[in-house]
Number of protein chains: 2
Amino acid sequence: MTVTLADVAARAQVSPATVSRVLNGNYPVAASTRERVLKAVDELDYVLNGPASALAAATSDLVGILVNDIADPFFGIMAGAVQSEIGGPGGRAGGERLAVVCNTGGTPERELTYLTLLQRQRAAAVVLTGGAMEDGVHQAAVAAKLRKLTEAGTRVVLCGRPPAPDTGAIALTFDNRGGGRELTEHLIGLGHRRLGYIAGPEERTTTRHRLEGHRTALAAHGIEEDPRWTVHGRYDRQAGYEATLELLRRDPTLTAVVAANDTVALGACAALRDSGLRIPDDVSVAGFDDLPFSIDAVPALTTVRLPLAEAGARAGRVAMGREEAPAGGIATVRGELMVRGSSGRPRA
Amino acid sequence: MTVTLADVAARAQVSPATVSRVLNGNYPVAASTRERVLKAVDELDYVLNGPASALAAATSDLVGILVNDIADPFFGIMAGAVQSEIGGPGGRAGGERLAVVCNTGGTPERELTYLTLLQRQRAAAVVLTGGAMEDGVHQAAVAAKLRKLTEAGTRVVLCGRPPAPDTGAIALTFDNRGGGRELTEHLIGLGHRRLGYIAGPEERTTTRHRLEGHRTALAAHGIEEDPRWTVHGRYDRQAGYEATLELLRRDPTLTAVVAANDTVALGACAALRDSGLRIPDDVSVAGFDDLPFSIDAVPALTTVRLPLAEAGARAGRVAMGREEAPAGGIATVRGELMVRGSSGRPRA
DNA sequence: TTCTACATAGAAAGCGCTTGCTGTACGGTT
DNA sequence: AACCGTACAGCAAGCGCTTTCTATGTAGAA
């Protein structure tokens with residue numbers, strides 16, 4: 001049998017109530033009593049029963065973190081930062097919390113299922129990372145779920161995700177549009193006029209916003225976009241590779257390729273190299289996110305740095321109520337253009 | 001107030017017991033009754049109370065995954081694979097399980113704390129990934145904790161970690177020694193005789209085993225190792241960069257650098273380039289793990305591929321009791337040498 | 001001294017669910 | 001016709017904790 005509170009109480013010659021109070025430290029207990037209890041806890045190797053405690057106290061020390069793909073450092077970095085702030089071991093705050101990291105794979109169904117699961121666990125807080133799907137039906141369902149959660153007292157924070165109006169969720173949104181615009185303006189400034197764009201999966205806010213930024217920049221400089229210059233694909237290396245070959249096939253005169261993110265950009269670089277093109281002499285390449293490996297690409301990748309760790313940490317603090325929510329419940333987090341070796345003047 | 005089982009029962013005109021049985025599907029219920037109950041559940045938007053359920057049933061649907069660093073794809077890939085198999089949404093098996101991913105930062109204290117936390121939650125299973133610390137005291141403490149967990153019915157699986165004897169834990173161990181040996185033998189085969197080695201942090205099994213493999217290869221070929229050829233450092237890019245400069249300072253005649261892992265190798269490449277050395281013409285470089293970005297390095301990295309996803313998936317299945325544990329509770333997972341552009345014949 | 005106040009400790013009522021056991025009705029046996 | 005097995009459904013006793021309310025001992029106030 002496992003040891004229960006009552007066992008500890010018996011051994012310490014006190015009532016279960018007292019043991020509970022010693023363990024929770026939320027009620028005055030005489031020092032001598034406390035000591036006796038702690039000794040008994042130690043001797044019996046007692047470990048509190050989490051579910052029972054959660055049930056009785058109607059609270060939980062679980063915090064949910066939803067990510068699209070945990071194997072992707074983009075999400076891993078944010079998740080790690082969130083976790084470091086929610087006060088698990090190593091965190092500062094007392095209450096030890098457990099981070100539940102959920103892989104949604106970017107599908108709305110799994111997002112919903114996980115939210116329900118977290119609701120079932122009565123999670124103390126939930127952090128949703130990454131862009132949202134733009135499927136109307138599911139979006140409404142997610143919003144409804146978020147509202148339920150916030151109404152039940154769960155703090156909900158969106159990190160790198162557009163705001164969800166009327167849900168009570170706090171949003172820390174990335175300025176994907178602004179970053180996309182800045183990036184493309186940099187290339188235009190270098191003299192590029194024929195730019196290919198490898199967009200992410202359709203129906204994603206991140207994809208759309210970055211693309212919109214790109215187009216805004218083109219329009220601002222009077223560059224008319226050729227529809228052949230945009231290709232959609234997944235957010236992975238292979239998609240970038242294939243999309244680049246496709247772009248090259250459609251228009252071999254492109255002088256720059258802008259990718260939806262760094263991983264895709266790496267695939268693009270590989271495709272260009274395999275096609276015998278030099279970077280940036282023949283074609284410039286740009287990414288987005290500035291993941292750790294981007295600086296190690298050869299040449300180093302020009303990209304937009306997103307402060308993933310900072311944003312995640314802030315999301316964690318807000319989720320724990322340790323930092324005030326931004327005014328209006330919405331904060332915009334800006335990226336920073338990182339100009340490196342993969343972008344240069346176009347060939348004459 | 002939140003909706004309870006009793007509310008649903010009242011609305012469906014049945015007893016709470018029946019509602020519970022419909023929800024759990026583990027007891028015959030007439031179709032018409034079931035329908036009525038499900039309708040009530042739907043209308044009331046009822047969500048089961050996880051803690052209460054866990055308490056009453058003395059089971060939990062939480063599965064813990066311990067990783068050293070969630071932002072590192074090495075762990076992210078394994079964690080993702082484990083999660084995909086434990087039957088969360090999207091997984092096959094019925095019981096929806098939540099993966100609790102815990103960042104230990106590689107410290108034994110946090111590892112212990114997290115194990116206690118998971119024990120408190122009465123986790124259904126726990127998967128520990130990554131190498132173990134070789135600190136005797138802590139190692140014993142962790143072993144004791146693991147034994148407690150397995151005794152309490154929690155399935156414990158070690159993934160990419162040495163076996164923990166007498167704990168009841170199943171081990172899926174990476175053959176770091178063999179991989180390290182193979183890698184160095186490859187370099188020796190190319191003609192290298194002066195090889196630098198950038199080892200990971202000391203007191204880690206992974207570090208030690210890979211280094212031992214390296215040395216075994218050297219010894220097997222009668223190469224006497226110069227103590228100056230080994231430098232220890234963290235498992236990150238910067239450590240690789242600095243260690244490489246240090247190696248170069250100690251012995252500029254080195255013709256190859258073997259890194260503890262791919263991330264470190266990337267830092268090594270950067271340091272070599274910044275020192276005006278060409279890869280592999282002047283110095284060959286080799287990594288370990290074969291993370292996704294390694295093939296995109298220029299030149300592509302010679303390394304040892306560890307089947308992280310496969311091992312993680314298998315660990316997940318074993319943890320869920322969906323796959324038989326290996327004989328003796330221990331399985332060795334071998335790596336595969338991937339020869340790529342970063343290694344070549346030494347300069348004359 | 002008697003009363004009030006404070007500091008502690010205990011008794012006990014749940015928290016919302018699961019499940020063993022106990023009906024009850026019905027169809028099929030003998 | 002009496003009997004039994006089967007298929008459901010409900011009762012009620014917990015699961016192990018938290019917390020309100022109450023009891024007690026002691027100290028200072030009157």
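By convention in this document, chain letters (A, B, ...) are assigned in the order of the sequence lines, proteins followed by strands, and residues within each chain are numbered from 1.
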Report, one line per pair, each donor and acceptor closer than 3.5 Å where one atom sits in a side chain of residues 154-163 of chain B; sequence neighbours left out.
{"residue": "T154(B)", "atom": "OG1", "partner": "A123(B)", "partner atom": "O", "Å": "2.9"}
{"residue": "R155(B)", "atom": "NE", "partner": "A319(B)", "partner atom": "O", "Å": "3.3"}
{"residue": "R161(B)", "atom": "NE", "partner": "G130(B)", "partner atom": "O", "Å": "3.2"}
{"residue": "R161(B)", "atom": "NH2", "partner": "E111(B)", "partner atom": "OE1", "Å": "3.2"}
{"residue": "R161(B)", "atom": "NH2", "partner": "E111(B)", "partner atom": "OE2", "Å": "2.7"}

* R122(B) and V47(A): which non-hydrogen atoms are nearest, and at how many Å? ->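 Smallest interatomic distance, heavy atoms only, reads NH2-O, 3.5 Å.
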* **Closest contact, heavy atoms only, T150(B) versus A169(B)** =>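 So the two residues come closest at CG2-N, 4.1 Å.
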Would you kindly give the [atom1]-to-[atom2] distance between [X] and [N], to the nearest whole Å?
{"X": "N24(B)", "N": "dC17(C)", "atom1": "CG", "atom2": "C1'", "result": "9 Å"}
{"X": "L44(B)", "N": "dG16(C)", "atom1": "CG", "atom2": "P", "result": "15 Å"}
{"X": "E35(A)", "N": "dT8(C)", "atom1": "CD", "atom2": "P", "result": "15 Å"}
{"X": "L23(A)", "N": "dG16(D)", "atom1": "CG", "atom2": "P", "result": "16 Å"}
{"X": "L55(B)", "N": "dG16(C)", "atom1": "CG", "atom2": "P", "result": "12 Å"}
{"X": "D7(A)", "N": "dC17(D)", "atom1": "CG", "atom2": "C1'", "result": "13 Å"}
{"X": "L5(B)", "N": "dC11(D)", "atom1": "CG", "atom2": "P", "result": "14 Å"}

Check whether any side-chain nitrogen or oxygen of [X] sits under 4.0 Å from OP1 or OP2 of [N], and answer yes or no.
{"X": "S20(A)", "N": "dT18(D)", "result": "yes"}
{"X": "N26(A)", "N": "dT19(D)", "result": "yes"}
{"X": "T18(A)", "N": "dA9(C)", "result": "no"}
{"X": "S15(B)", "N": "dA9(D)", "result": "no"}
{"X": "N49(B)", "N": "dC15(C)", "result": "no"}

* Test E85(A) against every option in R314(A), R322(A), R97(A) by the salt bridge (Lys or Arg N to Asp or Glu O under 4.0 Å) rule and name the one that passes. =>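 Of the listed residues R314(A), R322(A), R97(A), the salt bridge (Lys or Arg N to Asp or Glu O under 4.0 Å) partner of E85(A) is R322(A).
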* Asked: How bent is the helix from dT1(C)-dA30(D) to dT30(C)-dA1(D), comparing axes over its five end pairs at each side, to the nearest 10°?
  ->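 It works out to 50° between the end axes.
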* Hey, what do you get for CD1 (I65(A)) to SG (C102(A)), rounding to the nearest 0.5 Å? ->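 Reported to 0.5 Å precision, the distance equals 8.5 Å.
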* Asked: If you measure from OG1 on T104(A) to CG on L128(A), what distance do you get to the nearest 0.5 Å?
  ->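 It comes to 8.5 Å.
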* To do: Kindly write out the residues that satisfy salt bridge (Lys or Arg N to Asp or Glu O under 4.0 Å) with D45(A), not counting sequence neighbours, or none if the list is empty.
  =>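 D45(A) satisfies salt bridge (Lys or Arg N to Asp or Glu O under 4.0 Å) with K148(B) only.
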* Asked: Can you pull the side-chain hydrogen bond (donor to acceptor under 3.5 Å, both in side chains) pairs that have at least one residue in residues 51-60 of chain B, sequence neighbours excluded?
  ->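 Pairs touching residues 51-60 of chain B that pass the test: none.
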* To do: From the options dC17(C), dG16(D), dG10(D), select the nucleotide whose nearest atom is closest to the side chain of T4(A).
  =>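 Selected nucleotide: dG16(D).
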* Which of these nucleotides, dG14(C), dC17(C), dA9(D), is closest to any side-chain atom of A56(A)? ->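 The listed nucleotide nearest to A56(A)'s side chain is dG14(C).
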* Given that T33(B) and A52(B) both sit by DNA chain D, which one's nearest nucleotide is further toward the 5' end? ->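 Checking each residue's closest nucleotide, the 5'-ward one belongs to T33(B).
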* To do: Tell me which of P16(B) and R122(B) sits closer to the 5' end of DNA chain D, going by the nucleotide each one is nearest to.
  =>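 In this pair, the answer is P16(B).
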* Under 3.5 Å donor-acceptor, N24(B) side chain and N26(B) backbone ->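 The answer is no, because no donor-acceptor pair under 3.5 Å joins these two groups.
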I'd like a table of atom pairs between the protein and nucleotides 20-26 of chain C - only N or O on both sides, under 3.5 Å - with the distance next to each one.
{"residue": "dG20(C)", "atom": "O6", "partner": "R21(B)", "partner atom": "NH1", "Å": "3.3"}

Ignoring hydrogens and angles, write down the donor-acceptor pairs under 3.5 Å from the side chains of residues 7-15 of chain A, residues two or more places apart or on other chains.
{"residue": "D7(A)", "atom": "OD2", "partner": "T4(A)", "partner atom": "N", "Å": "2.8"}
{"residue": "D7(A)", "atom": "OD2", "partner": "T4(A)", "partner atom": "OG1", "Å": "3.4"}
{"residue": "R11(A)", "atom": "NH1", "partner": "E43(A)", "partner atom": "OE1", "Å": "2.0"}
{"residue": "S15(A)", "atom": "OG", "partner": "A17(A)", "partner atom": "N", "Å": "3.4"}
{"residue": "S15(A)", "atom": "OG", "partner": "T18(A)", "partner atom": "N", "Å": "3.4"}
{"residue": "S15(A)", "atom": "OG", "partner": "T18(A)", "partner atom": "OG1", "Å": "3.3"}

